Amino acid sequence: MSVFRTAGGDAIDRSRTISFSFDGTRIEGHPGDTIASALLANGVHLMGRSFKYHRPRGVLGAGTEEPNALVGVTRGPGRFEPNQRATLVPITDGMVVESQNRSPSLARDIGAVNDLLSAFIPAGFYYKTFMWPRSFWAKVYEPVIRRAAGLGRPPEVTDPDRYAQRWAHCETLVVGAGPAGLAAALAAADAGGRVILCDEGETIGGRLRDMPRATIDGLTAGKWIVQARTRLENAGVRLLTRTTAYHYGIGNLVTLAQRCTDAGGARTRERQWMVRAGRVIIAIGSIERPIVFPNNDRPGVMLASAAAGFLHRYGVLVGRHIVIATQHDSAYRTAIDLAGAGAAVTLVDRRARPAADLGEACSAAGVTVITGHIPIDTRGRLRVSKVAIAPAPDAAHRWLPCDALLMAGGWTPSVHLHSQSGGKVAWDAQSAAFLPGTTLAAQVSAGTCRGRVTLADCLADGWTAGGGNGASAPAADDRTDTGMSPAEPDAHPEGARRKAFVDFQNDVTAKDIRLAVREGFRSVEHLKRYTTNGMATDQGRTSNINALAIAAQAMGQTIPGTGLTTFRAPYSPTTFGTMTGFTRGRLFDPVRTTPMHARAVAAGAVFEDVGQWKRARFFPRPGEDMHAATARECISVREAVGLFDASTLGKIEVVGPDAAAFLDLLYAGRLSTLAVGRCRYALMLREDGFIADDGVIARLATDRFHVTTTSGGAASVLNVMEDFRQTEWPDLRVWLTSTTEQWAVAGVTGPRARNVLAALVEGVDLSSDAFPHMAVRQGRIAGVPVRIFRVSFTGETGYEINVPARHALPVWDAVAAAVAAAGGGLYGTEAAHVLRAEKGYIIVGQETDGTATPDDVGLGKMVAATKPDFVGKRSLMRAAMRDPDRKQLVALLTADRSLLDEGTQVVDPASPRQSLGHVSSTYPSVTLGRPFALAMVHGGRSLLGTKLAVATAAGPVAVDVVDPVLYDPSGARLDV
Amino acid sequence: MLLIECPHCGPRAEIEFRYSGEAHMVRPAAAAACDDATWAAYLYLRDNVRGEHAERWRHTHGCGQFFNVVRDTLTDRVVTTYPAGHARSAAGGEI
Amino acid sequence: MKFSGLALLRQSLGGHRGWDRQWRSPEPKAAYDVVIVGGGGHGLATAYYLASVHGVTNVAVLERGWIGGGNTGRNTTVIRSNYLFDESAALYNHALDLWPGLSAELNYNLMFSPRGVMLLAHTLHDVHITKRHVHSNRLHGIDNVWLDPVEAKAFCPPLDISERARYPILGAALQKSGGTARHDAVAWGYARAASALGVDIIENCAVLGIGRDATGSVVGVETSRGPIGARKIGVVAAGATSTIMDMAGVRMPLESHPLQALVSEPVKPCFPCVVMSNTVHAYISQSDKGELVIGAGADQYPSYSQTGGVHQLTLAVEAICEMFPMFGRMRMLRSWGGTVDLTPDRSPILSDTGIAGLYVNCGWGTGGFKATPGSGHLFAHHLATGSAHPIAAPFSLDRYTTGRLIDEAAAAAVAH
């Protein structure tokens, strides 16, 4: 079917033919083909348009380094991805592939006008223009630029696929399953211990797959790869193909992205592996460089290694009349292989005298060799048609017709992961490359990524790195070297008028780099940022070193003297889905519910998120909105009895002979004087004197306290307590236990609360004499032992019944039935907040904001100033903490009886732009018959009885400043 | 993500731990008697060193214990760990 | 040469050979009136305003590496002024007032783009604190408005306001005058303009010591390029501030932490503004190039390694996909880390130091980029006049002794 298909190709299944569409055209290929190989097999080279000049482009590479052939791929609804490298994506039947960054079509792209305007838009042009008139940047120029920029179209609907993540631990992680990586894994497997071998490719073998004539231990390369796989599997090595090591972190934590399936659906699409490895062997190979010369970017111009890959893996010939431009040895192998597959091949070598044996081999294979010449230009609009070669850029040239031009500019070892691990890189003059230098991480590089050249060397290097004895390394036939002889990076000479591309995707030319140097961008980082070289989706794989060489030449410096930009994760672009794994929706953050949650759901509760907790906010009845429901719930508490799920309050049991002394140090109040069986409200301060948390502390026994915290503060309060217990006062004999989850809490409050309990509780005398406000008793309800705290956050008589969580429901149901029988009902957090605010009780985090002292919120009396020390005491002594003009808690009543918005600012009508404070809580109150607010106002207590204003969007609203206790100031209701 | 050797539990991933500030900050013994500057220094001033830094960690999702770590802030490598209350230790190798 | 479309056109005819260095690269002089330690945006802006506003041109900016190579070139370019406390709002709004005219003033397109900054509220506590911001900001003339979820989605269509989310969106605050700018250009633009006014910008010059005379006053700095005299020294060194100040025997209330960010591969415009979330804990915008720019949280430990934990990156991406579930198939292209100097109250320090002639501007933490022009403008005033500008006065070092903190910590739970 395909005119460019040869007999070879180890990746494809010739027995089957499948098809996909490319810009609406049906393309056939075989399972195992990539989009790029299938297109090339059909003679299609034009696959994309460049970012800036919209130049027509074909593939440059055959793998992860590809800058040009980026496509959008759709595999059904929601399964669209932009910017896919056509060289990496395996084809599947029916997939839809679209080219990008072109309009109306790939062949006729209006954006190509930019190519004609290119003289006007060199590197960094946008910094120099679009400044006038001032408002035009954001309104006119930028929108145009934004529309022109961006590669593919964005995904627009929710990703339907599943992702996963898992941890793994191993003694040896080998990254890369080319010759060096396979040898390393084999040796490591022999040595024992857990071994993980991962490779980015569809299958193992790496560059070895492009060396069909190589033999290892007497086997052909292909057979040796099969044998190696069997040996590794038998040894229990975990072999992960289609798996990219994308992040190398401290502590030898290497993060892998595994592409489990391309199809998605019921199966996990991608999985993130977090691998802690005892040691890491990096064998990620090297990447060939293009040659920088004018018009080196036409479709059909590609790397020699790409042509080799397409030939050997997919059985695809990239052209019939092929010219190869090289400056070193490796391209000779490719030339011979291509000629053997039926192409007419001309090899143009920059060197005057290449190795004689290579020339002879070429002659034998029918390859024409022209030495001492370089490519200086090309022709062909949508496909290269001829190449000009000359002894030097300005010398007389001649044209060679061709339908493919291969570039062999030398090899760049991939030091990316080595650098990510914290390792240094060092210039190696012999290799003419940066190689891995010193590192503190337990890792070693092996193979071509550390400058090894021949196959035999790579195998031996990997084998040794894996812990094998050098003498027993896999032995390669000497004639099968990789041919990766060193080549100087290409510093394209100054002077050419036409565009010589360095970064193909971002359209950075040699001229751009020279311009940046001329303008003073001499640091490599400045060069990168000013020209955008290396910042495209190929991450500079083919461009960084050439750019560096050009910049070094322009500055009259050496390459190592010019430096290298830092390598950062990811090694290859990694999907957000992989990184996200399971962490979506309900699993984004754990949901904590109380033991009575189902009862609240059944009662129709509307919930709010408080930390990870779901708390019932209100219980609307048909026709009720939040205000109506809350008003009803408030009336129920004030006039009858209400039931509240207070289980989320943090609870800590503090036990030991020194428990009282410890709490005296941790809390601002004095707990050591608390009688057994009694409770006290207490404030915990930060060491800087500001309120950190509050709660009720009950003394259960001389050496045992039950401490409650805010719902959100439980963990941090325990952490602070543990910190001081363990490190500041380790001599105190005290132990701390979080009991938040152990106790479910039913709050019963209201004038009928005592009656409700009287019918339920066994073993407790509920009379106020026997069980006064702020006391704790133990008894039974429904046969379950309970702790009952007589406390109130509503201003009404109240009891908080603590039940062991696993027995919560029978108790809750019994209490709920009794409450209902008494004419009461459930109330939620919204009503609780209204009720407490009517009493002037603060909520930490609402009235306080990390800058409030106890005195600020009217709780100065909760500070036992005569204690010699407690956390925060010294800070309270500072002048600014005692300033009478600090913000203080007051209540505000609007003159027009309007409901203020929370956070509105309090002002003096005389100077309405000057904030005096803010509204911290604001509610309608059915009890008070009007809305009210709590506020923190500078010098607020001295302003009681005065009139101020609140600045609303509609203008100032007059308010009366009053005492924050608006309901039952005498506290009589606490003992009804 | 750091790998931290808890003195009680062995090497564990950083996400099990909570960083708790520079180590060996001495809380003034007679806090009430010290001057504002001394107190401010205790509360806020830190060495913030480039290089080996003694710091407190808590194995929050493990044994719950606070302990000390010497870590190189230039490379993030943990040099040694030792229990809270012990003098700064330079002993031990890298983990 | 003045930058303009016309100049670009003229140069295009001559192969762009006429462009000069954008800033001079002189050898250091023996002494300067003012030496700025740190060639980031804040330091370069300080030098520029010293020269342009105060006529102090005998100024050197010393940069250990390459200018703009610290947090200026590593941040996510968010610009806003909707801070909670009056002092903070005034400080950041001073900067926001300067941004719109800055490209023209510097003759350098900084690509300031007021595309709006939206802060999401996911819990009632978020609503409470966010509304307090809105009302406080309105009083001070800052255009921060409250949006309900439908209004928020109308402004930012990719937002998922359904109940599907673990923390559904309850509303948002939007500052339309906030936005983004091109971070590198800010450093280069200030450098070019300052250089043209006579400021010496000296790269690859590490400060090794601070020299003081018998009275204790500063007299200069020791550097990797030799001693340089200075009548006044302004330290604007972000993560390296503690190290520099230690050379003068001053301990600082700072910890330097890693902060990472990442970008996706570029796609066509799909995200109109900046969105931040404290509860879900991430923020995002789309660059002019089409990349989604995403900020991660600071690592919990201090470090100068300019790298951070991979979990910080995954946490940020998880948060983004939670709010924008269509981005699951986008790909992370690049990540990087910076070193941010955090103060105990998460507000900056612009201050005297108790040492004559030594001034410090630091502690911008995770959000200093937005303040660059204002910070430079105020610090230049301080260096030139010897006393703090009224807007900067509350940000003195002595607040840590008096307890008069400006605690944006609660509001700054997410790095930006």
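From a predicted model like this one, the values you see are computed outputs, not experimental measurements. Residue numbering restarts at 1 for every chain, and letters A, B, ... go by the order of the sequence lines.
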Peer 1: Measuring heavy-atom distances to chain C, does A:Thr851 have an atom under 4.5 Å in its side chain, in its backbone, in both, or in neither?
Peer 2: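 Contact with chain C: side chain only.
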
Peer 1: Would you mind telling me which of A:His526, A:Arg617, A:Met535 has the largest number of heavy-atom pairs within less than 4.5 Å of chain C?
Peer 2: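 With the most close heavy-atom pairs to chain C, the winner is A:His526.
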
Peer 1: Which answer fits C:Leu405, side chain, backbone, both or neither, if we ask what part of it has an atom under 4.5 Å from a heavy atom of chain A?
Peer 2: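 Just the side chain, heavy atoms under 4.5 Å.
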
Peer 1: Go through the atoms of C:Ser287 and report whether side chain, backbone, both or neither lie under 4.5 Å from a heavy atom of chain A.
Peer 2: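 Contact with chain A: backbone only.
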
Peer 1: Give a yes or no answer on whether the side chain of C:Asn109 reaches the backbone of A:Met131 with a donor-acceptor pair at less than 3.5 Å.
Peer 2: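 Not at all, since once roles are kept as given, no pair shorter than 3.5 Å links the two residues.
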
Peer 1: Considering only heavy atoms, which portion of A:Arg586 lies under 4.5 Å from any heavy atom of chain C: side chain, backbone, both, or neither?
Peer 2: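 Just its backbone gets close to chain C.
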
Peer 1: Applying side-chain contact (heavy atoms from CB on, under 4.5 Å), run through A:Glu81 and C:Arg331 and close with a yes or a no.
Peer 2: CA-CA 9 Å; A:Glu81 285 148 276; C:Arg331 282 188 295 267; 4.1 Å; yes

Peer 1: Side chain, backbone, both or neither: which part of C:Thr401 has an atom under 4.5 Å from a heavy atom of chain A?
Peer 2: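 For C:Thr401, the contact with chain A is made by the backbone alone.
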
Peer 1: With only heavy atoms counted, which part of C:Gln11 is less than 4.5 Å from chain A, the side chain, the backbone, both or neither?
Peer 2: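 Neither the backbone nor the side chain of C:Gln11 comes within 4.5 Å of chain A.
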
Peer 1: Is any side-chain N of the basic residue among A:Arg686 and C:Asp407 closer than 4.0 Å to the acidic one's carboxylate O?
Peer 2: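 A salt bridge links A:Arg686 with C:Asp407.
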
Peer 1: Checking C:Phe271 against chain A: side chain, backbone, both or neither under 4.5 Å from a heavy atom?
Peer 2: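 Just the backbone, heavy atoms under 4.5 Å.
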
Peer 1: Taking the six-membered ring for Trp and the full ring for Phe, Tyr or His, determine whether the centres of C:Trp66 and A:Phe521 are under 6.0 Å apart.
Peer 2: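 No, ring centres 6.0 Å or more apart.
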
Peer 1: Under 3.5 Å, is there a donor on one side chain and an acceptor on the other for A:Lys128 and C:Asn107?
Peer 2: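 No - no donor-acceptor pair under 3.5 Å links their side chains.
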
Peer 1: Cut-off 3.5 Å, side chains only: do A:Thr580 and C:Glu318 have a donor facing an acceptor?
Peer 2: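 Distance-only check fails for A:Thr580 and C:Glu318.
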
Peer 1: Using 0.5 Å steps for rounding, measure from the CD atom of A:Glu608 to the OG1 atom of C:Thr123.
Peer 2: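 Spacing of CD (A:Glu608) from OG1 (C:Thr123) equals 8.0 Å.
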
Peer 1: Assess the residue pair C:Arg115 and A:Glu142 against the criterion (salt bridge (charged side-chain N to carboxylate O under 4.0 Å, His left out)); give the C-alpha distance rounded to whole Å, side-chain angles, the decisive distance to 0.1 Å, and a yes or no.
Peer 2: CA-CA 11 Å; C:Arg115 55 187 54 255; A:Glu142 190 185 36; 3.0 Å; yes

Peer 1: So what's closer than 4.5 Å to chain A heavy atoms on C:Val134: side chain, backbone, both or neither?
Peer 2: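 Neither part.
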
Peer 1: For C:Arg182 and A:Tyr127, which I'm curious about, is there any donor-acceptor pair between the side chains at under 3.5 Å?
Peer 2: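 C:Arg182 vs A:Tyr127: donor-acceptor pair found between side chains.
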
Peer 1: When you check the side-chain N and O atoms of C:His135 and A:Asp901, is any donor under 3.5 Å from an acceptor?
Peer 2: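 Side-chain D/A pair, C:His135 to A:Asp901: present.
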
Peer 1: Checking C:Thr307 against chain A: side chain, backbone, both or neither under 4.5 Å from a heavy atom?
Peer 2: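 For C:Thr307, backbone and side chain are both near chain A.
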
Peer 1: At a heavy-atom separation under 4.5 Å, does C:Leu262 approach chain A through its side chain, its backbone, both, or neither?
Peer 2: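 Side chain only.
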
Peer 1: So for A:Pro133, is it side chain, backbone, both, or neither that comes closer than 4.5 Å to the heavy atoms of chain C?
Peer 2: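 Contact with chain C is absent: no heavy atom of A:Pro133 under 4.5 Å.
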
Peer 1: The test is side-chain contact (heavy atoms from CB on, under 4.5 Å); show your working for A:Thr129 and C:Phe3 and say whether it passes.
Peer 2: CA-CA 7 Å; A:Thr129 182; C:Phe3 286 171; over 6 Å; no

Peer 1: Quick one: closest heavy-atom pair of A:Arg146 and C:Asp288, and the distance?
Peer 2: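 Here A:Arg146 and C:Asp288 meet closest at NH1-OD1, 2.9 Å.
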
Peer 1: So which part of C:Glu322 gets closer than 4.5 Å to some heavy atom of chain A, the side chain, the backbone, both or neither?
Peer 2: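 When you check distances to chain A, only side chain atoms of C:Glu322 fall under 4.5 Å.
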
Peer 1: Tell me, side chain or backbone of C:Gln306 under 4.5 Å from chain A's heavy atoms, or both, or neither?
Peer 2: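 Backbone plus side chain of C:Gln306, per the 4.5 Å heavy-atom cut-off to chain A.
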
Peer 1: Of the backbone (N, CA, C, O) and the side chain (C-beta and beyond), which part of C:His125 lies under 4.5 Å from a heavy atom of chain A, both, or neither?
Peer 2: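 Looking at C:His125, just its side chain touches chain A.
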
Peer 1: Given a strict heavy-atom distance threshold of 4.5 Å, which part of C:Ala319 is in contact with chain A: side chain, backbone, both, or neither?
Peer 2: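 Both parts, backbone and side chain.
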
Peer 1: Quick test of your reading of the model: are A:Arg518 and C:Asp20 salt-bridged, counting only N-O distances below 4.0 Å?
Peer 2: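 No, no charged N to carboxylate O under 4.0 Å.
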
Peer 1: Name the region of C:Pro158, side chain, backbone, both or neither, that has any atom closer than 4.5 Å to a heavy atom of chain A.
Peer 2: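 Neither part, no heavy atoms under 4.5 Å.
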
Peer 1: Which answer fits C:Ile406, side chain, backbone, both or neither, if we ask what part of it has an atom under 4.5 Å from a heavy atom of chain A?
Peer 2: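 The answer is neither part of C:Ile406.
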
